[in-house]
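Structure first, then comments.
Ligands are counted one by one from 1 in listed order, and the atoms in each one are counted from 1 as well. Excluded from the calculations below are hydrogen atoms, water molecules and symmetry mates; all remaining heavy atoms, backbone and side chain alike, are included. Throughout, residue positions are numbered sequentially from 1 according to the sequence presented.
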Amino acid sequence: MSAAAPAYPARLTAAEPGWATYADVIVIGSGVAGLTAALRARAVGSVLVVTKAVLDEGSTRWAQGGIAAALGEGDTPEQHMQDTLVAGAGLCDEEAVRVLVTEGPGAVRRLMAVGAEFDRDADGSIMLTREGGHLRNRIAHAGGDATGAEISRALVQAVHEAGIEVIEHALVLDLLRDDEGRACGVTLHVMGEGARDGVGAVHGRAVVLAAGGMGQVFSSTTNPHVSTGDGVALALRAGAEVADLEFVQFHPTVLWVGPGAEGQQPLVSEAVRGEGAHLVDADGVRFMTGRHPLGELAPRDIVAKGIMSRIAETGAEHMYLDARHFGAEMWAERFPTILASCRAHGIDPVHDLIPVAPAAHYASGGVRTDLHGRTSVPGLYACGEVACTGVQGANRLASNSLLEGLVFAERIAEDLARDLPPRREPARPAGPSGLLDAGIRLPLQRAMTAGAGVLRSRDSLAETTRVLAELGTRAGTDPCTETWEATNLHTVASALAAAAYDREETRGCHWREDFPDADDKDWRGHLVTTMAAGRLDLAYQPYEPKETP
Ligand code: SIN
């Protein structure tokens, strides 16, 4: 493998912890995965949730479409599995997918028992819709298109009612390990939380990483400002294996709000197409027809590529969604969030076409786990978007992510119940790598979008890598949240670009214009990234299913 990744010379380091606290299980992150893990892990001991902003600020809250599970009449876990494997383009771990689809329906019911309310049909059954790549209606939703907000509401309330301790405004820095290398805590940078202000440490018997995604490595993304890849960066610094980073999903239909728009962009859920909206160009041509048998409801990578190809063919800046035929009542009832965000940008989808273009949405790769959420570092678990459980393969099936967060968080709690080691004292922290200047964030995001975005090539990735190497020489002068975020973004962007450079094929959501076909002979396998002494290393591992638990 080529080593396109730069090294990180040690420069500025974070201060020593000024305070310390303890919990048996430390959960990093407060989305569906983190809060589910926290609620279930109460049975094994004390739990502390650490979150970067406030409890309901992560990506879960923004999820619109819903949660996929074989809940409908005539649907089966086997059919859900087939659809997931097709979307994953040969790289899903079949055992992990089997776990997801068979345990999924029960996990959704347990979520409802916690208090999440899904939309219902007139007969009281859960209303199910379709999204790209699903051959059945199996997406449960809430508040029309506010599914994540409802799940977040229910879980946050349950966490408060359970009296689980929470530290908010806390950026996780590094993993603490005992002298045998087992995870036994984390260091944090906390802003404005009284006695726990500044750098501190939480000691514990296990650490569950549920820190969310890394969409902010790109300049245009559906992810909130906080999604800076902190969990993957921490895991790399701790020596954990990270896999499939090149498989970043670009959501096909993100509201196009103007040329060069940057930062978090409004999503227009796939469910809008699931309910019958059409993708058209400026002449009203339905360009997905004929590109895939499922047309506009093809898997997400295929629709994103279809849009980008049509943009290239026509010289337009975006395509359009046409859902005028829904009418005012359906828009207001079924998609109130999207209706409001379109109107806030001067578009009335009841009368207007909705301008859309792809933007970074979801990291299919992440911190590699087994079927119980265990990473390659003993005592460190991962679930949710930060994890690579094997479920997503080269391209996540729509609305499988909330389900994955639920199912694998529950599995982690079960594993903790079987095997929570005694309290251990941390050896000295591994020590963070040098911190980078907060000002690199925007140039980094632009370089990633330009060279490692939807369409990639050896040349574009080499240029991105060159810019990243240059940005990596800009040392930070102040160990604050912004420098940590910039450093984490730089670590994950460098790892992502290196993997995308190495993978000389097109598969799932990794699209190389210089290698336009999938190459099963040389590339049906995973690129696994590790970091040692500040240097990233990539290894290719041919596809091999995980063992049945
Ligand atoms: C959407 O509503 O289109 C997003 C759902 C997902 O990312 O799975």
Side-chain angles (χ1 to χ4, degrees), residues 31-33 58-69 80 83-84 87-88 92 100-101 104 108 118-119 127-134 137-152 212-215 218 221-224 227 247-255 264-277 279 294 296-304 307 321 323 334-342 349 354 356-366 384-385 391-393 395-407 508-509:
V32 64
S59 288
T60 293
R61 177 162 82 96
W62 299 95
Q64 293 180 346
I67 184 161
H80 188 184
D83 294 349
T84 302
C92 295
L100 178 86
V101 298
V108 173
F118 290 96
D119 296 335
M127 194 183 277
L128 299 169
T129 192
R130 259 180 90 182
E131 290 184 5
H134 291 271
N137 282 22
R138 67 166 71 95
I139 318 295
H141 46 86
D145 58 0
T147 313
E150 169 58 12
I151 290 175
S152 193
M214 57 174 75
F218 294 96
T221 174
T222 60
N223 289 195
S227 298
F247 296 113
V248 177
Q249 190 166 68
F250 288 79
H251 196 289
T253 58
V254 175
L255 185 64
Q264 186 182 8
Q265 307 295 316
L267 183 64
V268 183
S269 174
E270 284 211 13
V272 175
R273 275 172 284 135
E275 299 286 353
L279 270 169
L294 293 174
E296 281 113 345
L297 283 175
R300 193 169 280 180
D301 58 318
I302 291 164
V303 181
I307 293 178
L321 261 181
R334 183 65 183 84
F335 298 113
T337 312
I338 299 167
L339 181 65
S341 77
C342 286
I354 308 170
V356 290
H361 183 58
Y362 190 87
S364 295
E385 188 173 353
V391 156
Q392 321 293 3
N395 178 46
R396 176 177 64 92
L397 183 66
S399 285
N400 264 356
S401 47
L402 292 172
L403 190 71
E404 187 201 25
L406 269 184
V407 166
C509 50

Output, in order, the C-alpha distance, side-chain angles, deciding distance and verdict of side-chain contact (heavy atoms from CB on, under 4.5 Å) for R396 and H361.
CA-CA 11 Å; R396 176 177 64 92; H361 183 58; 3.6 Å; yes
What's the verdict on side-chain contact (heavy atoms from CB on, under 4.5 Å) for H141 and E150, showing C-alpha distance, side-chain angles and the deciding distance?
CA-CA 9 Å; H141 46 86; E150 169 58 12; over 6 Å; no
After noting the C-alpha distance and the side-chain angles of E275 and T129, does the key distance pass the side-chain hydrogen bond (donor to acceptor under 3.5 Å, both in side chains) rule?
CA-CA 7 Å; E275 299 286 353; T129 192; 2.8 Å; yes
Tell me, with the steps shown, if V391 and L403 meet side-chain contact (heavy atoms from CB on, under 4.5 Å).
CA-CA 11 Å; V391 156; L403 190 71; over 6 Å; no
Under 3.5 Å: N or O atoms of ligand 1 paired with protein N or O:
| unit_1 | atom_1 | unit_2 | atom_2 | d |
| --- | --- | --- | --- | --- |
| ligand 1 | 2 (O) | G65 | N | 2.8 |
| ligand 1 | 2 (O) | S269 | OG | 2.7 |
| ligand 1 | 3 (O) | H251 | NE2 | 2.7 |
| ligand 1 | 3 (O) | E270 | N | 2.7 |
| ligand 1 | 7 (O) | R300 | NH1 | 3.0 |
| ligand 1 | 7 (O) | R300 | NH2 | 3.4 |
| ligand 1 | 7 (O) | H361 | NE2 | 2.6 |
| ligand 1 | 7 (O) | R396 | NH2 | 2.8 |
| ligand 1 | 8 (O) | R300 | NH2 | 3.4 |
| ligand 1 | 8 (O) | R396 | NH1 | 2.7 |
| ligand 1 | 8 (O) | R396 | NH2 | 3.4 |
| ligand 1 | 8 (O) | S399 | N | 2.6 |

Does the pair D83 and R138 meet the rule for a side-chain contact (heavy atoms from CB on, under 4.5 Å), with working shown?
CA-CA 11 Å; D83 294 349; R138 67 166 71 95; 2.8 Å; yes
Please check if any side-chain donor atom of N395 sits under 3.5 Å from a side-chain acceptor atom of Q249, or the reverse.
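Distance-only check passes for N395 and Q249.
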